[in-house]
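Report on the following structure.
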Amino acid sequence: MALHPYFILLLLVQIPSLQFSSATEFVFNRFNSTDLLFFGNATLSSNILSLTAESSFSIGRVLYPTKIHTRSPNSTNLLPFSTSFIFSIARIKNTLPGHGLVFVFTPHTGIQGTSSAQHLGLFNWTNNGDHNNHVFGIEFDVFKNQEFNDINENHVGVDVNSLTSLAAEPAGYWSDKKEGSFEDLVLNNGVNYQVWIDYLNFQLSVTMAPAGKKKPRKALLNVSIDLSEVFLDEMYVGFGAATGRLVESHRILGWSFSNSNVYVGELLKTSNLPLFVPRGKFVFGSSGFIAGIVGGIVFVLVFIVCISLFLVKKKRRQKRLREDMEEWELEYWPHRIDYQDINVATKRFSEENVIGFGGNGKVYKGVVGGAEVAVKQFAHESEEGVREFLAEVSSLGRLKHRNLVGLRGWCKREKGNLILVYDYMENGSLDKKVFECEESFILNWEDRLRVLKDVAAGILYLHEGWEARVLHRDIKASNVLLDKDMNGRLGDFGLARMHGHGEMASTTRVIGTVGYMAPEIVRNGRASAQTDVFGFGVLVLEVVCGRRPIEDGMPHLVDWVWGLMEQGKLGDALDKRLKTKGGCDGEEVERVLHLGLLCAYPEPNSRPTIRQVVKLLEGNSDTVESESDSMEAYMLDKAKTTAMWYKYRRSFHHKKHPTLDEIRSSLSSSMSLPWSDIMVEGR
Ligand SMILES: *[C@@H]1O[C@H](CO)[C@@H](O)[C@H](O)[C@H]1NC(C)=O
Ligand SMILES: *[C@@H]1O[C@H](CO)[C@@H](O)[C@H](O)[C@H]1NC(C)=O
Ligand SMILES: *[C@@H]1O[C@H](CO)[C@@H](O)[C@H](O)[C@H]1NC(C)=O
Ligand SMILES: *[C@@H]1O[C@H](CO)[C@@H](O)[C@H](O)[C@H]1NC(C)=O
Ligand SMILES: *[C@@H]1O[C@H](CO)[C@@H](O)[C@H](O)[C@H]1NC(C)=O
C-alpha cells in the first residue's frame with residue numbers, strides 16, 4: 001500500500017497543529033528524550049520508553065510535554081480522540097511479575113499522589129475513588145486485586161478516578177476470521193502488543209492485538225461513557241506503570257495520538273520491532289504467535305513436542321502458574337517435593353499420622369528422605385494467594401536459625417491447595433506444655449524462661465538477621481514449637497510477609513490472632529517490628545501466668561496483669577502450678593512480667609526493640625551487670641513507672657479488648673477493604 005506523501009511527513013516528525021488550535025496529533029515511532037516528560041523511574045533507552053525500573057516498588061510516568069485540549073474552542077463538547085501504542089510487559093527472570101501499565105489522562109505532571117504495586121502509579125490509598133482526581137486511564141493489569149474487584153490477573157480495564165474499573169475484560173481480541181472466536185493474550189509475556197483506544201460520541205472502545213496484526217474489527221471493550229465531568233479543558237496524556245514486591249519491565253515502543261479527525265493509528269511502525277520476550281522457560285508460556293516471531297519453525301516444533309510431552313507427563317493444569325514454580329524449583333531452595341512422596345510419607349494422609357491442627361487443616365507426621373517431617377496443608381482462596389505465598393516461601397525457606405522451625409519444601413496439589421513440609425518438632429507446641437496439660441508435664445520456670453529467650457532470639461533473627469526484614473505477624477504460644485532438646489523454635493512463617501529494612505509494612509490482607517494483635521494493627525492494619533514485639537509481650541505474659549490472653553469471664557491477660565501490678569500484687573500473676581513446683585525467684589518473675597508488659601505497651605514507639613528485649617532477657621542471669629547497663633536500667637525503670645500504666649488506661653478507657661468482629665469491621669472501614677480480605681484468626 002503506497003502512503004500519501006502527507007503521511008510520510010507525519011511519520012518523520014511530530015506533526016504541528018493542523019486544523020484548529022486545539023488539535024494535537026503526533027506519531028512517535030522512536031522516542032527522544034526531548035519529546036516527552038519523564039517522572040519517577042521512567043527512562044528512555046534506545047528510543048524506547050521504560051516506564052519502571054527493574055526493581056521493587058518502582059513507579060514511572062511519561063507524559064506528552066504540553067497539555068492537550070479536550071474540548072473545541074468556545075464549546076463544551078468533548079473532542080473525540082484516537083490513540084494507538086505498542087507496549088511490551090516482560091517478566092524478569094526469577095521474579096514474579098507485577099503490576100501493570102496504564103494509558104492515562106491526568107491534570108497534573110509528576111507522580112505525587114500515586115503509589116506503587118496495585119495502585120499502578122495511578123492513585124494511592126487516599127485518593128483512589130475521589131471524583132476530584134479528574135484522571136482517566138486504561139489499565140493493563142497483571143495482578144488480581146480483590147479490593148478493586150479485579151476480574152483476573154490478566155485484564156484490561158477502564159478506570160475513571162478509581163482503580164475499580166468501570167468495565168474490564170480479560171486481555172485478548174476477537175478474531176476477524178472466525179466469527180465470535182476470542183483469542184486470549186498474555187499481557188506480560190514480553191510480546192509486543194498494539195492497542196487502539198478510540199473515543200467518539202461518548203463511545204469508548206479499546207482494542208488490542210499482537211503488534212503487526214490488523215486492528216480487529218470488534219473491540220475488546222466497547223462502552224458508553226461520558227468523560228465530560230472527568231476531563232478538564234486541558235489534560236496531560238501519557239503512560240504510567242508500577243512494580244510492587246513483584247517486578248516486571250513495562251515498555252512503550254511507539255505511540256500515536258490525535259484529537260482531530262486525522263487518523264494516525266495506522267502510522268505506527270509495527271514490524272521489525274525489538275523483542276523483549278524473556279529467554280528461557282517463559283517463552284514457552286506465550287504459545288501460538290510467538291512461533292512466528294521467534295522464527296525457526298523446526299525449533300518451534302521441537303519446543304511444542306517437548307511441551308506436549310511435559311504436559312502429558314506432569315498433567316499440568318495451571319500451565320502458567322506451574323511454570324513459575326519450575327523456575328523456582330531450579331533456582332531456589334526449598335525444593336518442591338513430589339506429591340507422591342508426601343503421600344507415601346504420611347501413609348496417604350492417614351489418621352494415625354495426624355499430630356495436630358494448623359494452617360487450614362490437619363498436620364501430619366511423616367518421613368521424607370530419612371528425616372522426620374511435619375506436613376501442613378494450606379488452602380488459599382485464590383491463585384494469586386498461592387503465587388504470593390510461594391514468592392515468600394522461596395525466600396523464607398532460606399531462613400536458617402536454631403530458633404526457627406526449618407522449612408524443608410513445598411508441594412502444590414491442585415488449585416489453591418498448598419502443602420508445606422517442616423522439620424518435625426518432637427515436643428510439640430508450647431501451648432500444650434503451658435496450658436491444659438497434666439501437671440507433671442508442665443514446663444518449669446527455668447524451661448519457660450529459656451524458651452522465651454529462644455523465641456526472642458528467633459524474632460531478632462527475623463527482624464535483623466537477614467537482608468530483608470521478615471515480620472512474623474502471628475507470634476503466640478501455639479506457634480512456638482519445642483524440638484527434642486526442648487529448644488523453643490518459632491514456626492509458621494506462612495503468615496509472615498517480607499519487607500525491605502526501614503520500610504513500613506503495608507498489605508492488603510491483615511493477619512493475626514485476636515488477643516495478640518497490637519492496638520495499632522486493629523486501627524490501621526499495619527504490621528511492623530513493633531507489632532511483633534507486642535505479640536511477644538503477650539506471649540511472655542501467657543507463658544509466665546499460664547493463662548491464655550482471652551478467657552471467658554476474665555479481662556484480657558494484659559489488662560489483668562496491669563491490674564495486679566497497680567495493686568502491688570504482681571507476684572500473684574505467676575502460674576499457680578509453678579508456685580507449687582517451686583524453684584523460681586520472685587524478683588526474676590516480676591522482671592520478666594515487667595518486660596512482658598513493656599512489650600505489650602499500647603504506644604508502639606515506647607515498646608523496646610527485639611534487640612533490647614534479648615539483652616534484657618539475657619541480663620536476668622547476671623543482675624549486677626544488668627543494673628550497670630544504663631539502657632537496661634532505663635528500660636526497667638520505665639516499665640516500673642506506674643504513670644505509664646495510667647496513661648495506657650486513659651488511652652484505652654473503653655478498655656474491653658475488641659472482639660473478632662469488631663476488629664474486622666474496624667479494619668474493613670479504615671482500610672476500605674472488603675470484609676473477606678481481612679483474615680483474622682479467632683485464637
Ligand atoms: C530529539 O528531537 C529533536 C527534534 O525533535 C532534535 O532536535 C534532537 O536533536 C533530538 N535529540 C536526540 C538525542 O536525538
Ligand atoms: C526510582 O525512583 C526512586 C524515587 O525517585 C529512587 O529512590 C530510586 O533510586 C529509583 N530507582 C532506580 C533504579 O532508578
Ligand atoms: C471564542 O471566544 C472568544 C471570546 O470569548 C473569541 O475571541 C474567539 O474568537 C472565539 N473563538 C471561536 C473559534 O469562536
Ligand atoms: C495520596 O496522595 C495525596 C496527594 O498527594 C496525599 O495528600 C496523601 O497523603 C497520599 N496518601 C497516601 C496514603 O500516601
Ligand atoms: C461499539 O458498539 C457500538 C454500538 O453498541 C457499535 O456501533 C460499534 O460498532 C462498536 N464498536 C466496536 C469497535 O466494536
Side-chain angles (χ1 to χ4, degrees), residues 37-45 49-62 80-84 92 95 99 106-135 138 147 156 158 161-163 166-167 169 172-176 179-182 194-209 213-226 240-245 247-251 263 265 500-508 523-526 670-673:
L37 303 176
F38 292 78
F39 305 98
N41 290 139
T43 53
L44 183 74
S45 91
L49 304 179
S50 263
L51 296 175
T52 51
E54 296 193 352
S55 60
S56 51
F57 303 105
S58 170
I59 305 181
R61 187 172 272 192
V62 171
F81 68 83
S82 198
T83 185
S84 181
I92 295 163
T95 60
H99 276 261
T106 169
H108 308 291
T109 58
I111 53 168
Q112 308 94 298
T114 71
S115 298
S116 55
Q118 71 266 40
H119 295 100
L120 300 177
L122 192 59
F123 303 113
N124 67 19
W125 268 121
T126 322
N127 60 21
N128 183 44
D130 185 341
H131 293 288
N132 298 321
N133 287 335
H134 294 285
V135 169
I138 303 293
E147 67 269 38
V156 181
V158 179
N161 294 328
S162 166
L163 284 155
L166 291 181
E169 289 292 339
Y173 65 98
W174 294 97
S175 166
D176 286 344
E179 196 64 38
S181 130
F182 187 77
Q194 184 167 10
V195 175
W196 297 264
I197 301 170
D198 301 289
Y199 185 63
L200 178 65
N201 299 332
F202 302 114
Q203 196 72 20
L204 174 78
S205 70
V206 181
T207 312
M208 72 179 288
K213 269 199 176 295
K214 239 177 83 230
K215 181 180 179 184
R217 277 196 296 273
K218 185 172 174 193
L220 173 64
L221 280 157
N222 190 11
V223 290
S224 280
I225 177 172
D226 183 355
T243 65
R245 193 154 45 79
V247 178
E248 62 193 7
S249 65
H250 302 93
R251 292 188 178 87
Y263 188 65
H501 272 294
E503 211 174 312
M504 188 66 172
S506 93
T507 169
T508 56
R523 281 197 302 272
N524 63 19
R526 287 214 199 108
S670 66
M671 299 178 69
S672 45
L673 282 182

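Whatever order the structure lists ligands and atoms in, that order sets their numbers, starting from 1.
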Quick one: table the atom pairs, ligand 5 N or O against protein N or O, below 3.5 Å, distance rounded to 0.1 Å.
| unit_1 | atom_1 | unit_2 | atom_2 | d |
| --- | --- | --- | --- | --- |
| ligand 5 | 2 (O) | Asn222 | ND2 | 2.2 |
| ligand 5 | 11 (N) | Asn222 | ND2 | 2.9 |
| ligand 5 | 14 (O) | Ala219 | N | 3.3 |
| ligand 5 | 14 (O) | Asn222 | ND2 | 3.4 |

Item to check | Thr126 N/O under 3.5 Å from ligand 4 N/O | outcome: yes

Checklist entry - Based purely on interatomic distance, does Ser115 place a nitrogen or oxygen under 3.5 Å from a nitrogen or oxygen of ligand 4? => result no

Checklist entry - Can you tell me if Gln203 and Ser224 form a side-chain donor-acceptor pair at under 3.5 Å? => result yes

Next on the checklist: Could you tell me if Ser58 and Asn41 have a donor-acceptor pair between their side chains, going purely by distance under 3.5 Å?
Outcome noted: yes

Next on the checklist: Applying ring-ring contact (aromatic ring centres under 6.0 Å, His included), can you list everything that pairs with Phe182, at least two apart in sequence or on another chain?
Outcome noted: Trp174

Item to check | For His134, ring-ring contact (aromatic ring centres under 6.0 Å, His included) partners two or more places apart | outcome: none

Checklist entry - By side-chain hydrogen bond (donor to acceptor under 3.5 Å, both in side chains), which residues pair with Asp176, not counting sequence neighbours? => result none

Item to check | Intermediate values then yes/no, side chain to side chain contact (heavy atoms under 4.5 Å, CB included), Ile59 and Thr52 | outcome: CA-CA 6 Å; Ile59 305 181; Thr52 51; over 6 Å; no

Checklist entry - Quick one: which ligand 2 atoms are inside 4.0 Å of a heavy atom on Asn41? => result 1 (C), 2 (O), 3 (C), 8 (C), 10 (C), 11 (N), 12 (C), 14 (O)

Next on the checklist: Quick one, Tyr173 and Thr207 - any side-chain contact, counting heavy atoms below 4.5 Å?
Outcome noted: no

